[in-house]
Amino acid sequence: MSPRRPWFRARTQAGLGRAIRRARQTAGFSQDELAAEATTSRPTLSRLERGASVASKTVLAAAAACGYEIVLVPRGARVTVGPPDAEGAPDGHPEIPALVEQRAEAVRDAA
């Protein structure tokens with residue numbers, strides 16, 4: 001089993017920047033190294049880490065390069081973070097992908 005890595009919660013741009021910086025540090029990247037992995041520039045990555053606006057694809061690429069993904073949850077929700085099971089659902093909750101698909105269908109139907 002791999003060592004447990006920290007998870008991060010961000011509710012503001014500044015919080016997101018701090019989370020990306022900590023994810024980068026956890027992954028052992030310098031800003032230059034992460035910028036290269038995320039196919040962006042070091043100044044853009046620096047702006048992201050300081051909480052300035054950058055393209056959403058930059059945020060997603062930086063998180064992915066550090067081995068993280070962005071997950072949206074209802075504000076105030078209790079979240080359990082754990083390794084994915086064999087089906088990709090967190091900690092034995094195989095109903096999550098089905099619920100996500102049901103919600104996506106409802107949104108498509110409402111549009």
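By convention here, the first residue in the shown sequence is residue 1. Atom set for the values below is all heavy atoms of this structure, side chains included, hydrogens, waters and symmetry mates excluded.
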**Request:** Would you indicate whether the side-chain heavy atoms of T26 and C66 approach each other to under 4.5 Å?
**Result:** no
**Between CG on residue L48 and CG on residue L16, distance to nearest 0.5 Å** = 6.0 Å
**Euclidean distance, R24 CZ relative to E33 CD, rounded to 0.5 Å** =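 One gets 9.5 Å once the value is rounded to the nearest 0.5 Å.
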**Chi angles and distances behind the side chain to side chain contact (heavy atoms under 4.5 Å, CB included) call for F29, L45** = CA-CA 12 Å; F29 286 122; L45 184 60; over 6 Å; no
**Fill in**
Taken in chain and number order and not counting sequence neighbours, the residues that satisfy salt bridge (charged side-chain N to carboxylate O under 4.0 Å, His left out) with E37 are none
**Message:** According to side-chain hydrogen bond (donor to acceptor under 3.5 Å, both in side chains), does anything in residues 53-72 pair up with another residue at least two apart or in another chain? List the pairs.
**Reply:** Q13-S53
**Message:** Check for me, please, whether I70 and F8 land in the same ILVMFWY cluster - side-chain distances under 4.5 Å, paths through other members count.
**Reply:**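 No; tracing contacts between hydrophobic side chains, which count when under 4.5 Å, never links both residues.
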**Message:** Assigning hydrophobic clusters by single linkage (Ile, Leu, Val, Met, Phe, Trp, Tyr; side-chain heavy-atom cutoff under 4.5 Å), is W7 placed with I20?
**Reply:** no
**Asked** Considering all heavy atoms of both residues, which atom of A38 and which atom of A61 are nearest to each other, and what is their separation?
**Response** O-CB, 3.7 Å
**Asked** Taking all non-hydrogen atoms of both residues, which atom of A62 and which atom of L34 are closest, and how far apart?
**Response**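 Nearest heavy atoms, A62 then L34: O-CD1, 3.8 Å.
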**Asked** Got a sec, which pairs hit salt bridge (Lys or Arg N to Asp or Glu O under 4.0 Å) with one end in residues 11-23, sequence neighbours left out?
**Response** none
